[in-house]
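Residue numbers start from 1 in every chain, and the chains themselves are labelled A, B, ... in the order their sequence lines are given, proteins ahead of strands. Below, each value reflects all heavy atoms present in this structure, side chains not excepted, and no hydrogens, waters or symmetry copies.
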Number of protein chains: 2
Amino acid sequence: MSKCEQCIIKQFNSLKALTKDELVRISGCKTSRKIKKGEVIFEEGEVLNGVYCVRDGICKLTKLSANGKDQIVKMVVKGDLLGQRSVVSEERSNLQATALNDMEVCFIPKSEILADLHKNPDFTFDVLKDMAKDLREADDVIVNMAQKSVRQRLAETIIYIHNSFGTNPDGTLSVLLSREDFANIVGTATESAIRVLSQFKKEGLISAVGKQIKIEDIEALKRVE
Amino acid sequence: MSKCEQCIIKQFNSLKALTKDELVRISGCKTSRKIKKGEVIFEEGEVLNGVYCVRDGICKLTKLSANGKDQIVKMVVKGDLLGQRSVVSEERSNLQATALNDMEVCFIPKSEILADLHKNPDFTFDVLKDMAKDLREADDVIVNMAQKSVRQRLAETIIYIHNSFGTNPDGTLSVLLSREDFANIVGTATESAIRVLSQFKKEGLISAVGKQIKIEDIEALKRVE
DNA sequence: ATTTAAATATGATATTTGTCATGATTTACT
DNA sequence: AGTAAATCATGACAAATATCATATTTAAAT
């Protein structure tokens, strides 16, 4: 099994603030795990006994709403940590995590994380900074949800996925999402998401073959009202 | 001027994790300030040079959306801290803070807060815990915005204000919000908020004389669909 | 106290979004 | 390969919400 000290992934998250010794210790008790596309990593309401460091792949964080629909609250990629919020606040998870790709993650037990949080202020501060960023992003999502149309939100979602998760050589978005996933990000009915995507296609803003979506006119997409 | 070490307010926020010495030091460089109802404490995009500890009163945190409407993202009360997110991430404020009451706040310079964040892991951990709570609440707001009707959101807002900010002796909500404020919490047009409040009144769920709103049937309000 | 401005209220109507139905296409499975 | 089950697509209609217009009431200012 590879060692945390040498892992390049940690450069992208708060683990980089740990000392060599701390990393060696964590490396000794972490477990590596492969997760298949569609698999649930943890459920809403589950007690998380640790934090996941995402080495590869992408997952969605969802919350089931009263009307029985999943809302995608955030997407987590390679390099991100998963489950810090629950571990820090010692609460059950408020979200479900589901793999959108095949994934590879390392699981670090809660006790190790908490030990370092209490001992290493740099690490704690880094986790804090990360959470501050998450919080700002969440504020932005709230405002978008409250004030923008489904059309605008969907356009922005496509741009966001394009910019954050990249594209294949042919220009198509590298993360494959179902129309239902798009609806659950945007907070609309699946049919509405489908309809708006069809409109974007007709208007030449995107092209789509099945789940393969490609931005054709990003400037026009940005201008969508 | 009163001293932080003796201030009871700090029991309600992360400052309680500071040592006596740290509190004395902070006490020496804090400034107390009174803010009148309606006054802006800081604006969106402003550089915050410190954190506010709310000793009395309530304020709203808003973000201006592209369509020119303010969205109320969170409300902050006596006992809460204000501005931690921006200070931690060393970014300009992503929100505007406006007093809804006459307020009394203590301003603590950024340098002091950051010094303690780097030295006192208990304090940092406490701030982290607080932010984790804010983040969970923000996730909940996202889901509500995305999946619930204006009617439901408004009903829940009234209950939230009732439970979190309390009532006057006659049972009316102690925080006076304009109909526009309600609209900006719920993310709807002012006219829609007014209309729904009128409906609630007709249905006997609330009574309202001007801005004075009183819950008449909280169970029915909880059941609103 | 009177005037002026702002906030509240309500109707009429347009627009957006959701729901239900139904068919086509794609994917998964044996 | 062939079948079943998802997923995608689109129409028709219903419901929710926004917008515009215009009173009415309330608060603020002189």
Side-chain angles (χ1 to χ4, degrees), chain A residues 36-39 65-71 98 100 102 144-155 157-158 172-173 175-203 206-214 224-225, chain B residues 36-39 65-71 98 100 144-158 172-173 175-203 206-214 224-225:
Chain A
K36 286 210 196 88
K37 177 177 170 175
E39 199 179 323
S65 80
N67 64 12
K69 288 182 64 174
D70 277 323
Q71 177 64 33
T98 312
L100 290 169
D102 285 350
N144 286 341
M145 285 292 175
Q147 306 282 357
K148 292 184 179 171
S149 67
V150 167
R151 216 176 126 80
Q152 279 178 299
R153 280 178 280 162
L154 193 44
T157 298
I158 294 169
T172 57
L173 302 181
V175 197
L176 290 185
L177 295 176
S178 67
R179 303 295 194 261
E180 192 181 2
D181 283 330
F182 277 109
N184 292 347
I185 293 173
V186 161
T188 191
T190 306
E191 295 95 320
S192 298
I194 291 174
R195 239 180 275 269
V196 174
L197 284 175
S198 298
Q199 284 166 14
F200 285 170
K201 221 165 127 179
K202 270 184 202 145
E203 297 164 19
I206 63 170
S207 59
V209 183
K211 287 189 177 48
Q212 300 279 351
I213 289 178
K214 183 178 171 185
V224 159
E225 301 233 329
Chain B
K36 287 210 197 90
K37 178 176 168 175
E39 198 179 324
S65 81
N67 64 11
K69 288 182 63 173
D70 277 323
Q71 178 64 33
T98 312
L100 290 170
N144 286 340
M145 284 293 176
Q147 306 281 357
K148 292 185 180 170
S149 68
V150 167
R151 214 176 127 80
Q152 278 178 301
R153 272 147 36 201
L154 193 44
E156 287 178 13
T157 297
I158 294 169
T172 58
L173 301 182
V175 198
L176 289 185
L177 296 175
S178 67
R179 303 294 193 262
E180 192 181 2
D181 283 329
F182 277 108
N184 292 346
I185 293 173
V186 161
T188 190
T190 305
E191 296 95 319
S192 297
I194 291 174
R195 238 180 274 270
V196 175
L197 284 175
S198 299
Q199 283 167 13
F200 285 170
K201 221 164 125 179
K202 269 183 203 146
E203 296 165 20
I206 63 169
S207 59
V209 183
K211 286 190 178 50
Q212 300 279 351
I213 289 177
K214 182 179 171 185
V224 159
E225 300 231 329

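Checking C/dT10, D/dC8, D/dT10 against the side-chain heavy atoms of B/Glu191 singles out C/dT10 as nearest. Listed nucleotides C/dG18, C/dA9, D/dC8 differ in distance to A/Ala189; the shortest reach to its side chain belongs to C/dG18. Relative to the side chain of B/Ile194, the nucleotides D/dT17, C/dA9, D/dC8 differ in distance, and C/dA9 lies closest.
Looking at A/Asp102, its side chain does come within 3.5 Å of a backbone N or O of A/Lys37 through a donor-acceptor pair. Judged by distance alone, with hydrogens and angles left aside, the side-chain atoms of B/Arg153 form a donor-acceptor pair with the main-chain N or O of B/Lys148 at under 3.5 Å.
Nearest-nucleotide assignment on DNA chain C puts the 5′-proximal partner with B/Ala208, out of A/Gly210 and B/Ala208. Across the interface with DNA chain C, nearest-nucleotide mapping of A/Arg151 and B/Arg195 shows B/Arg195 to be the residue nearer the 5′ end.
At least one side-chain nitrogen or oxygen of B/Ser198 sits closer than 4.0 Å to the OP1 or OP2 atom of C/dT10. Close to C/dT17, at under 4.0 Å from its OP1 or OP2, lies no side-chain N or O of A/Ser192. Phosphate contact (OP1/OP2 of D/dA27, side-chain N/O of B/Lys211, threshold under 4.0 Å): absent.
Rounded to a whole Å, the NZ atom of A/Lys202 is 17 Å from the P atom of D/dC8. Following rounding to the nearest Å, B/Glu180 (CD) and D/dT19 (P) show an atom-to-atom distance of 14 Å. Summarising the geometry, the separation between CG on A/Leu197 and C1' on D/dT10 is reported as 14 Å, rounded to the nearest angstrom. Following rounding to the nearest Å, A/Gln152 (CD) and D/dT17 (P) show an atom-to-atom distance of 18 Å. Rounded to whole Å, the distance from CG on B/Leu176 to P on C/dA6 is 20 Å. Between the CG atom of A/Asn67 and the P atom of D/dA16 there is a distance of 14 Å, rounded to whole Å.
Nucleic acid contact for B/Thr188: sugar-phosphate only, since backbone atoms but no base atoms lie under 4.0 Å from a heavy atom of the residue. Heavy atoms of A/Ser149 sit under 4.0 angstrom from primed sugar atoms or phosphate atoms, though from no base atom.
Of the candidates A/Thr188, A/Leu197, A/Val196, A/Phe182 forms a side chain to side chain contact (heavy atoms under 4.5 Å, CB included) with just one, namely A/Leu197.
For B/Gln152, the CD atom sits in a packed shell: over 12 heavy atoms of surrounding residues, nucleotides or ligands are nearer than 6.0 Å.
Considering only heavy atoms from C-beta on, B/Leu177 stays 4.5 Å or farther from B/Ile213 through its side chain.
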